[in-house]
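Structure first, then comments.
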Amino acid sequence: EKDGYPSFMEKEIHDQPEAVAATLLGRSDIDGKLTLDEMRIDADVLKTVNKIIVLACGTSAYAGQVAKYAIEHWCRIPTEVELSHEFRYRDPIVDEKTLIVSLSQSGETMDTLMAVRYAREQGAKTVAICNTNGSTIPRESDAVLYTHAGPEIAVASTKAFLAQITAAYLLGLYLAQLRGNLFQGQIKDILADLAKVPAKIAQVLDNDQQIKDLARSMSDARSVLFLGRHVGFPVAMEGALKLKELAYIHAEGFAAGELKHGPIALIEEGQPVFVVVPSPRGRDSLHAKVVSNIQEVRARGAKTIVIAEEGDESVRAHAEHVFYIPETTTLLAPLLATVPLQIFACELATAKGYDVDQPRNLAKSVTVE
Ligand code: F6R
């Protein structure tokens, strides 16, 4: 059942091309028209939605943060992402025009279930993005969009994360289609780019030796920092979470722009810092800004480890190590950039002799609040 891999975690990291492909399958036609079968909320209601709140915990919340960038960009609907357990206790503003999108791999996370129930009581419509058929959260929601990642056995989430981003993107495109925010041709182009992602993930997986070697060489690291901007920010936080969970190493993800507002004080000689660099072809000056963030930490002694797009030579001069991922659009890059970070954490934990499938103190589904 591990398909010859030494752990479920490694198997599931390798399942990712299939997880994304299966989540895309059968949800659009040749013209890029999306049909989401289990979206049992009236089109008229979806057209009047004036706010989206994404509710989730842990890795699923990072998927939500990635999706926020895409949904706001495509649909122009203000979108918040909130940890489920924080949401309920702050008197949130929720009404009939609020669309709640919950993200849960298990569909049983009590914090998220309670938050969804609460929002529903306030009159909001709820969509569950979930990996487990017939689980509680989708049963208690108005609509469901299943991720088809297949069963995730390892406690730490990998393939469910990529499938959640994929499904949340489909939801965003569906809303944009319904509300007329994007032309059908634009949706078709984005879906075509998405369809190319599985093969690109497979390419990252085929070239994993360099990141594994690095992981093995860093098994005595005491603290690792991760920086990213825009969609690279939640990717950085996910990279840090994987390292905490699997390798029990102190790790933190920061928005690169936040560095000079505090975290740069942490940088000292030899501090390993991963930097998720956006495509140089992307919009604005995002790329240049992140490159200058790399220079800032390096000037203070950081050991910089960079994830960048293939062909981006500008980062080489500033990095101890560069890992290249295939070209894609800015919004789709998290589906690729996350993968080396997962491999890094898994390999480092394995090198330390830890059980990557069952990290200490953690449970696969958190059914208590
Ligand atoms: C991290 C991890 C957890 C879960 C979180 C939510 O690797 O697995 O952070 O993402 O407990 O779980 P679900 O998605 O089942 O609601």
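Since this is a predicted model, take the numbers as computed values, not measurements. Every number for a ligand or one of its atoms is a count from 1 in the order of the listing.
Taking atom 11 (O) of ligand 1 as the reference point, the nearest protein heavy-atom neighbour is V366 CG2, 4.3 Å. Ranking protein heavy atoms by distance to atom 12 (O) of ligand 1, first place goes to T109 OG1, 3.5 Å. Of the protein's non-hydrogen atoms, S106 OG, 2.7 Å is the one closest to atom 15 (O) of ligand 1.
Of the polar atoms of T59, at least one N or O is found under 3.5 Å from an N or O of ligand 1, judged by distance alone.
Counting atoms of ligand 1 from 1 in the listed order, those under 4.0 Å from a heavy atom of Q105 are 13 (P), 14 (O), 15 (O), 16 (O). Ligand 1 places these atoms under 4.0 Å from at least one heavy atom of G58: 9 (O). Close contacts between ligand 1 and C57 involve ligand atoms 5 (C), 6 (C), 10 (O) [criterion: under 4.0 Å to a heavy atom]. Each of the following atoms of ligand 1 lies closer than 4.0 Å to a heavy atom of S104: 13 (P), 14 (O), 15 (O), 16 (O).
By the 4.0 Å N-to-carboxylate-O rule, D208 lies close enough to K212 to be salt-bridged with it. K200 and E327 are not joined by a salt bridge, as no carboxylate oxygen comes within less than 4.0 angstrom of a charged side-chain nitrogen.
The 12-atom threshold is not exceeded at CD of E1, counting heavy atoms of other residues, nucleotides or ligands nearer than 6.0 Å. The environment of CZ in R90 is crowded: more than 12 heavy-atom neighbours from other residues, nucleotides or ligands sit within 6.0 Å.
Under the 4.0 angstrom criterion for non-hydrogen atoms, S365 is not in contact with ligand 1.
Linking ILVMFWY side-chain heavy atoms closer than 4.5 Å, directly or via other members, places V224 and M237 in a single hydrophobic cluster.
At a 4.0 Å heavy-atom cut-off, ligand 1 touches V155 through the backbone alone. Within the 4.0 Å heavy-atom criterion, the part of E245 lying near ligand 1 is the side chain and not the backbone. Contact annotation: for K242 versus ligand 1, heavy atoms closer than 4.0 Å belong to the side chain alone.
The minimum heavy-atom distance between W74 and N181, with the atom names listed, is O-CB, 3.1 Å. Here the closest heavy-atom approach between residue L162 and residue P334 is recorded as CD2-O, 4.2 Å.
In this structure, F344 has its ring center at least 6.0 angstrom away from the ring center of F323.
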